[in-house]
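Here the structure is laid out as structure tokens; the discussion comes afterwards.
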Amino acid sequence: MPFKVQVGPTQIAIHQGHSVLVTEPDGQIEWPSEKGLYFFDTRVISAWAVRANGEKWELLNGGAVSYFGASVFLTNKAILTEDGVIPPRVLGLTISRSIGGGMHEDLEITSYGNKKVKFQLELAIRCDFADIFEVKSGKIVRRGRITTEWSPLRQKLRTEYRNADFSRTVTLAPEGSPKKAVYANGRLTFEVELGPGERWHTCLQYTLEDGDKKFPAPQNCAGESDKSNQAEPLAEWLQNVLKIRTSNEEFYRMYRQALEDIAALRLPIAGTDHMSFIPAAGLPWFIAPFGRDSLIVSLQNMLIYPDFCSGVLEVLGSSQAQEDDPYRDAEPGKIPHERRYGELAHFKLVPHTPYYGTADATPLYLITLHAAWRAIGDIELLKLHLKTAEGCLEWIDKYGDRDGDGFQEYQTRSPVGYENMGWKDAGDAVVYPDGSLVKGPKALCELQAYVFNAWLGMAEVFDALDLPDRAEALRAKAAALFKRFNEAFWDEELGFYVFALDGDKKKVLTVASNAGHCLTCGIVPRDRAKRVVDRLMAPDMWSGAGIRTLSALNPAYNPYNYQTGSVWPHDNAIIAMGFKRYGFDAEVARIAHDISKAAGRFLANQLPELYTVLTPDEGTFPVQYIGANVPQAWAAGSAFMLMQALLGFVPDAPRNKLYIDPVLPGWLPDLTVMDMRIGQHKLDIRFWREGERTEFEVLKGDAGMVERRPMGNNMARLESEYERV
């Protein structure tokens, strides 16, 4: 059994929607720490401890049993009572928790002794109602007032935080205990009396409140988890998504875990059914709507669950900026970056209301809208979001191009804004070849590619809406950008696309993974594609388990840093799609194989947000990045995009077509996809290798829909159009 890599500190994290619980492995929440029960970006419980006559319990084992449930098994140390000493390991305590809006907690004690025992079980709880931003910074400011009320008759402990019109409340109600609980000295106390072999059980229901909105606890105990409100949506999700079958267990396990990770990160949309949602970015700190992240995850899931995009387009479209607000980096037509719901956001002490510090979410919105129409085939989807799309197009021209030179640049206008607004958004992520920080405004290479892709996609959309003049104008703009980009961003001596143009419009001659996104968007001429691919797969960029974010030859390279040498699965999956677009199937297979192999080294085959690989040697394994989110949405979605790259799926639902270009490598000799939705159709397709060729058979659905077509043919057609323009 190979060594399994754990990501992050030893802890238990579970969640559902906007409720997140992070505890120690023994189920406790120690103070001070970053752990706690979070609810809409507020830590409603900051300390939780259980004692028997003041004595701690001893951990046996514990962990998450699902993304919304956890169980912890403990036993007693010696407990001094008035009837004598209860010897160690006579009692077993099981703590079971389930999140679903509020939280259901089961405490169950079993006596394995040969005589009667009697003691007090004490539950100490503290609520600090700290904002998540302040918890992370370690600087917590109390602005409002906390009040606690205990009702012995109703057996309810209610703690409320209020600051003007902002309030959060947690109500704890013990149920099922043989004797009523007593509250004193900040503790709930239960009298426990057990004979040999007897069990004591109580349920603790945590109801959470956001203002006047109540979020009750799940009613079912842990032993009835299969009947819970959370289990049913998970089962329905797994029933409706695209499933696979393959003889390669490693690839299958990565894919299957990715399905559960995406299910775990769904945020429900108010007023819709439980299958409409927007993805959160990652656990535990990014359970919130994001722009760039949610759009990329929608693209990754387009063939897995096409309706995923509906919620994302709706929520982000409804938050499209309508006014100029420098504090939030907002401009009319811009798609938001991140929305938060805590006290700081409520009183606008942080700009995340939402914050618009992203340069790529706006073109990505257009790319996602086009891709959704190609996968779903519903013209009404285009009409529904056309106004938002028009606003995006206007923003790209008016605000995205800050100086009118035809390229997209970014620079924050907010005193608390982000230095970098591409997907590499760390403050030190964009560097010169000498490792120093690039001065802005910055025109990243992939921003130009995203706009190029968005314009071409929207040209198709306008054709579908019978607006040919708009379509032709966008195609002309895309052709002009193709020419302009390849003159300004290509460096012949480097043999590669530069990272960016800096504030003086000078080339940033840094080798980074961003250029791979340009392949995916099709803005790279075919005669340059091989040079880009070869450079990305060179030893300083290829880690042995994925392409690095930054060349190991750059002085700023640090494999332990966030975006200057680490490996990001989603970055690699996007690049793999670009390799496929230009016909580099062997390189696609290598990325897919090594990302899959890396996933196999992590606990539960769960891809984290990012990781580090120090050497490409056979005996090495990926090393965790401290602080990486897991599960993380676009890391999970990488499994789906890698599968799409291997099989060359290109949906065209408006014409009832699925184009394929499958090339299975030797390590993945067979792959069957089941319940693939293209428009109103469902398909099961089996792929297998015969010699060096990949064959396919449609097992279910209309076989006439599926057509083999090399993806490289599209590039030849597009380049002829650019030359014509």
Legend entry - Any Y497 side-chain heavy atom under 4.5 Å of V532 side chain: yes

Inset, instruction - Please determine if D405 and K505 form a salt bridge, counting it only when a charged side-chain N lies under 4.0 Å from a carboxylate O. - result: yes

Legend entry - From CA spacing to verdict: side-chain hydrogen bond (donor to acceptor under 3.5 Å, both in side chains), K424, S513: CA-CA 10 Å; K424 293 179 182 174; S513 64; 3.0 Å; yes

Legend entry - Worked verdict on W490 versus F496 for ring-ring contact (aromatic ring centres under 6.0 Å, His included): CA-CA 6 Å; W490 178 258; F496 199 60; 7.6 Å; no

Inset, instruction - Sequence neighbours left out, what passes ring pair (Phe, Tyr, Trp, His ring centres under 6.0 Å) with F489? Give chain and number order. - result: F407, F485

Legend entry - ring pair (Phe, Tyr, Trp, His ring centres under 6.0 Å) partners for H385, two or more places apart: none

Inset, instruction - Answer yes or no: is there a side-chain heavy-atom contact under 4.5 Å between F452 and C518? - result: no

Legend entry - Which residues share a side chain to side chain contact (heavy atoms under 4.5 Å, CB included) with N572, sequence neighbours left out: W542, I547, V567, I591, I595

Inset, instruction - Decide if atom CZ of R655 counts as having more than 12 heavy atoms of other residues, nucleotides or ligands within a radius under 6.0 Å. - result: no

Inset, instruction - Could I get the full list of side chain to side chain donor-acceptor pair (under 3.5 Å) partners for K507, not counting sequence neighbours? - result: none

Legend entry - Quiz item: cation-pi between R328 and Y355, 6.0 Å / 45°: no

Legend entry - Among F290, W423, F286, Y356, the one residue meeting ring pair (Phe, Tyr, Trp, His ring centres under 6.0 Å) with H337: F290

Legend entry - E587/K530 salt bridge by N-O under 4.0 Å criterion: no

Legend entry - Sequence-distant partners of L386, side chain to side chain contact (heavy atoms under 4.5 Å, CB included), two or more places apart: E390, F462, L465

Inset, instruction - Decide yes or no on side chain to side chain contact (heavy atoms under 4.5 Å, CB included) for I396 and W455, but give the supporting numbers first. - result: CA-CA 10 Å; I396 288 170; W455 281 344; 4.0 Å; yes

Legend entry - Option from T358, I367, L366, L316 for which side-chain contact (heavy atoms from CB on, under 4.5 Å) with L295 holds: L316

Inset, instruction - Answer yes or no: is there an ion pair linking D463 with R475, defined by an N-O contact shorter than 4.0 Å? - result: yes

Legend entry - N486 side chain to I523 backbone, donor-acceptor under 3.5 Å: yes

Legend entry - Min side-chain heavy-atom separation I575-H517 under 4.5 Å: yes

Legend entry - Pair R413 + E331, salt bridge at N-O below 4.0 Å: yes

Legend entry - With Q644 via side chain to side chain contact (heavy atoms under 4.5 Å, CB included) - residues at least two apart: L303, M577, F649

Legend entry - Intermediate values then yes/no, salt bridge (Lys or Arg N to Asp or Glu O under 4.0 Å), E707 and K657: CA-CA 7 Å; E707 180 180 324; K657 280 289 184 182; 3.2 Å; yes

Inset, instruction - Please name all residues satisfying ring pair (Phe, Tyr, Trp, His ring centres under 6.0 Å) with F696, sequence neighbours left out, ordered by chain then number. - result: none

Legend entry - E697 side chain reached by L699 side chain, heavy atoms, under 4.5 Å: yes

Legend entry - Short N-O contact, K334 and D329, less than 4.0 angstrom: no

Inset, instruction - Report yes if the side chains of L658 and V650 come closer than 4.5 Å at any heavy-atom pair, otherwise no. - result: no

Inset, instruction - Begin from the C-alpha positions of E472 and R470 and carry the test salt bridge (Lys or Arg N to Asp or Glu O under 4.0 Å) through to its verdict. - result: CA-CA 6 Å; E472 190 60 26; R470 295 293 310 280; over 6 Å; no

Inset, instruction - Measure the shortest side-chain to side-chain distance between L242 and M674 over non-hydrogen atoms and say whether it is less than 4.5 angstrom. - result: no

Legend entry - salt bridge (Lys or Arg N to Asp or Glu O under 4.0 Å) involving D360 - partner list, sequence neighbours excluded: R292

Legend entry - Side chains of Y410 and Y418 in contact at under 4.5 Å (non-hydrogen atoms): no

Legend entry - Close side-chain approach of P665 to D585, heavy-atom, < 4.5 Å: no

Legend entry - Sequence-distant partners of E394, side chain to side chain contact (heavy atoms under 4.5 Å, CB included), two or more places apart: none

What donor-acceptor contacts under 3.5 angstrom involve side-chain atoms of residues 369-380, with partners at least two apart or in another chain?
residue: R374; atom: NE; partner: P651; partner atom: O; Å: 2.9
residue: R374; atom: NH1; partner: E460; partner atom: OE1; Å: 3.2
residue: R374; atom: NH1; partner: E460; partner atom: OE2; Å: 3.4
residue: R374; atom: NH2; partner: P651; partner atom: O; Å: 3.1
residue: D378; atom: OD1; partner: E380; partner atom: N; Å: 2.9
residue: E380; atom: OE2; partner: K383; partner atom: NZ; Å: 3.4

Inset, instruction - Mind checking ring pair (Phe, Tyr, Trp, His ring centres under 6.0 Å) for Y341 and listing every partner two or more places apart, or none if nothing turns up? - result: H18, F40

Legend entry - Plane angle bin for W634 and H570 - parallel if under 30°, tilted between 30 and 60°, otherwise perpendicular: parallel

Legend entry - salt bridge (Lys or Arg N to Asp or Glu O under 4.0 Å) partners of R245, counting only residues at least two apart: none

